[in-house]
Amino acid sequence: MLYSKLLIPTLKDDPAEAEVISHRLMVRAGMIRKVAAGIYDYLPLGWRTVRKVAEIVRQEMDRAGAQEVMLPAVQPSELWKESGRWDYYGKELLRLKDRHDREFCIAPTAEEVITDLVRREVKSYRQLPMNLYQIQTKFRDEIRPRFGLMRGREFIMKDAYSFHKDTASAEAEYWNMYETYKRIFTRCGLNFRAVEADTGNIGGSFSHEFMVLAETGEDFIASCDSCDYAANVEKAECREPEIVDKSRLPREMLEEEEVELPIEKVHTPGKKTVEEVAEYLHVPLKKIVKTLIYKSAIGSKSLAILVRGDHEVNEIKLNRFLESSGFSEVALADNETVERVTGAPSGFAGPVGLPKDVPIIADKAVLGMKNFITGGNEADTHLPNVNIKDFAIQLGIGYLAAQGKEAFLDLRKIVSGDPCPKCGTGKIEIFKGIEVGHIFMLGTKYSEAMKCTYKDDNGDDKPMIMGCYGIGVSRTAAAAIEQNNDKNGIIWPAPIAPFEVIVLPLNVNDKGVMDAATEIYNALKKAGVEVILDDRELRAGFKFKDADLIGFPVSVVVGEKNLKDGLVEVKSRSAGEALRVRVSEAARKTGEIINEKKGTDC
RNA sequence: CGGGGCGUGGCGCAGCCUGGUAGCGCACCUGCUUUGGGAGCAGGGUGUCGGAGGUUCAAAUCCUCUCGCCCCGACCA
């Protein structure tokens, strides 16, 4: 391709709206343009990269035995009502009506449609298992789209759905997809981790997320430094030392085994946060217990959650424990509620003396604490030397007691340095990641709701066991940039670069330069290399800047000076240094470097 | 949805407070010079000042409404 003929509107200035690197660079490199909030045009370069990611996904999915289909983007409400998600999905589901006033939605995912297809066309266990996928534009009406392609409303996704006669088959396919995903992201040249994940509102029993490690990631990953454990922080369980058997306590816990002292009361004017209190009273954060008032979304019931001062509540865990308790979907209470419940301004809540109808639930880590500091339920007051016996943890949420659950639960977010929940000996490290893939064991949630059944070998109808597997194709392209860039621009992993090589004749008006460049360009094209010839009549510096910004893995620089000696430069974007080779050797050498890059990136 | 902010040429911005000829840089077009890291000089084109209403002799500027966008928060395969 000739550069002069391509639509590559690069920008010298950063676009004002772009916050993260991938967004900035994709706009500057002329890959995307915004049409509306979270909705973008893909220009030739951007689209080439997206297509390359999609092609890798397609090849690996096919290799894994899946079949590609194409499902509708606009879907009738009936199917969504059948699964129950029409009401449940919320505002992210963009709904619309056709001219006959029939309700539709723009698909954010396709469980309903695929389940409908399979229930109509697949009848027998002999036809199972089956894995169907599509690569398609999806729409989710995100509350706040941001970060360019990382979190758009419209995005390109590969979604796959598998159907099985039994759990064993479904699990086998789950792990088949797990391996397939590893191959896909490896082939894309990405540094990623597969982590245990929460299943969210898709439902199902277990799942893994594939995370590209990057500072700008929105997800936090807990990873063990000695075993292979890795999980989304939302999901990661916390292993608390068993405190029942004192002889087995680690030394640092033993220090907590002090004599319980009587409660005191201190004046802490304006010290609302644990940090402020710790500093004011000269105690470590670990000596404080935070009391957080939560409020149910429905009704106005409140409850108090206790966590150690240096810990944070994991609301996903909390809500899971509270499922079907009447405390559905709790969230941090507003200041008004806090004042009503505790009788003190926000910042001074504590477990001692809370109204009886406010149940107290504590994180397990609190169980090991003695003589800790809590809020006094009174303005500018904290209570040192509080102990668990002082406030009678209310096993009071009746259902907890009824279920034999304790009021000390795993409710906190795991933090760096915690013991690994799996091996127990390793320490947890926290990384940031971008979710590019997610695999779920769905079970029978959709097949039961939508009567997607098969006849087993006895002729009985059974619901199919399902799995579903997503990859954010456009997001993967953005994640690759987050992970591969420098101050000059993008450094594409060769397998997903929009072009593999750029040939840069520094002076297009010099016949010798142009002839040599054209010769190399033609030879590369003939060899099947994706090459672009920068035939623009521009200064050298300009061309270099564009080439670096766009991030071609290899550039071939043809300049008058080197050409006098019959030489050109072959430069690798990632390595930086230039290799001088003869014109006649240039194409072969460049091809070698590209193949090597594609090889090592695999 | 709560809080904050921004809409002025293709892009980035100034002007608004204190109403009175709409500006700067980049980009774009022409010419000459230049030509290995976003050139120099000269000339040129480019704006419903996001939209609607209002105040005023006069509105980019003040007021009201509205639309769009960005940031923080809550939310999220």
Side-chain angles (χ1 to χ4, degrees), chain A residues 9-20 23-24 27-28 30 33-39 85 89-93 107-111 138-148 150-153 155-161 197-204 207-210 218-219 232 234 295 297 315-316 319 329-335 435-440 442 467-473 475 487-489 504-510 513 536-549 555 557-564 568-569 571 576 578 580:
Chain A
T10 57
L11 300 174
K12 217 188 273 192
D13 295 318
D14 278 338
E17 66 191 27
E19 195 71 3
V20 299
H23 187 192
R24 250 187 355 240
V27 173
R28 280 192 57 202
R33 284 293 185 267
K34 188 173 69 183
V35 176
I39 299 176
R85 287 206 296 182
Y89 211 97
K91 290 192 172 173
E92 254 184 58
L93 184 65
T109 170
E111 282 81 4
K138 297 291 189 301
F139 194 92
R140 288 188 194 163
D141 203 355
E142 292 274 350
I143 299 171
R144 185 148 88 86
R146 56 186 132 174
F147 304 153
M150 294 257 288
R151 195 191 247 303
R153 294 145 93 197
F155 55 99
I156 296 165
M157 170 170 154
K158 186 279 305 183
D159 47 326
Y161 308 88
D198 188 71
T199 48
N201 72 358
I202 280 265
S207 86
H208 280 85
E209 286 169 335
F210 289 76
E218 293 186 86
D219 286 287
N232 192 310
E234 290 178 348
K295 195 177 152 188
E315 296 188 4
I316 289 178
N319 272 307
E329 295 298 302
V330 297
L332 217 44
D334 51 283
N335 287 349
E435 181 191 350
V436 289
H438 203 156
I439 58 178
F440 297 88
L442 279 183
C468 86
Y469 321 93
I471 289 179
V473 173
R475 183 186 278 184
K487 64 179 192 315
N488 294 315
L504 297 171
L506 295 185
N507 181 357
V508 297
N509 295 318
D510 182 300
V513 167
R536 296 174 302 167
E537 200 171 334
L538 289 172
R539 307 173 66 78
F542 215 104
K543 294 187 176 191
F544 286 133
K545 290 288 185 190
D546 271 344
D548 286 348
L549 176 62
S555 48
V557 181
V558 185
E560 288 163 276
K561 287 176 199 162
N562 281 317
L563 201 56
K564 273 182 201 146
V568 296
E569 283 169 41
K571 272 204 295 201
R580 284 204 274 180

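Each chain gets a letter, A, B and so on, in the order its sequence line appears, and its residues count up from 1. Values below: all heavy atoms of this structure, side chains included; hydrogens, waters and symmetry mates excluded.
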Under 3.5 Å donor-acceptor pair, A:Arg28 side-chain atoms to B:rG38 base atoms
yes

Can you find a donor-acceptor N/O pair under 3.5 angstrom joining the side chain of A:Glu560 to the base of B:rG36?
no

Contact check, side chains of A:Val568 and A:Asn562, non-hydrogen atoms, under 4.5 Å
no

Is there a Watson-Crick or G-U wobble partner for [N] with both distances under 3.5 Å, and which nucleotide is it?
N: B:rC26; value: B:rG10
N: B:rC62; value: B:rG54
N: B:rC41; value: B:rG31
N: B:rC69; value: B:rG5
N: B:rA74; value: none

Under 4.0 angstrom between A:Arg539 side-chain N/O and B:rA39 OP1 or OP2:
yes

Yes or no on salt bridge (charged side-chain N to carboxylate O under 4.0 Å, His left out) for A:Arg151 and A:Glu142, after CA distance, side-chain angles and deciding distance?
CA-CA 8 Å; A:Arg151 195 191 247 303; A:Glu142 292 274 350; 3.0 Å; yes

So, are A:Lys91 and A:Asp141 salt-bridged, with charged N and O less than 4.0 Å apart?
no

Side-chain donor or acceptor of A:Lys543 paired with backbone N/O of A:Pro505 under 3.5 Å:
yes

With B for base contact, S for sugar-phosphate-only contact and - for none (protein heavy atoms under 4.0 Å), nucleotides 42-47 of chain B reads ------

Would you give a per-nucleotide map of nucleotides 26-32 of chain B, 5' to 3', where B means the base has a protein non-hydrogen atom under 4.0 Å away, S means only the sugar-phosphate does, and - means neither?
SS-----

Scan A:Lys158 against the nucleic acid and name what it touches under 4.0 Å (heavy atoms): base, sugar-phosphate only, or nothing.
nothing

Please check if atom CZ in A:Arg33 has more than 12 non-hydrogen atoms from other residues, nucleotides or ligands closer than 6.0 Å.
yes

Write out a two-atom table: protein N or O, nucleotide N or O from nucleotides 69-72 of chain B, distance below 3.5 Å.
from, atom 1, to, atom 2, distance (Å)
B:rC69, OP1, A:Ala37, N, 3.0
B:rC69, O3', A:Lys34, NZ, 3.0
B:rC72, OP2, A:Arg144, NH1, 3.0
B:rC72, OP2, A:Arg144, NH2, 2.7

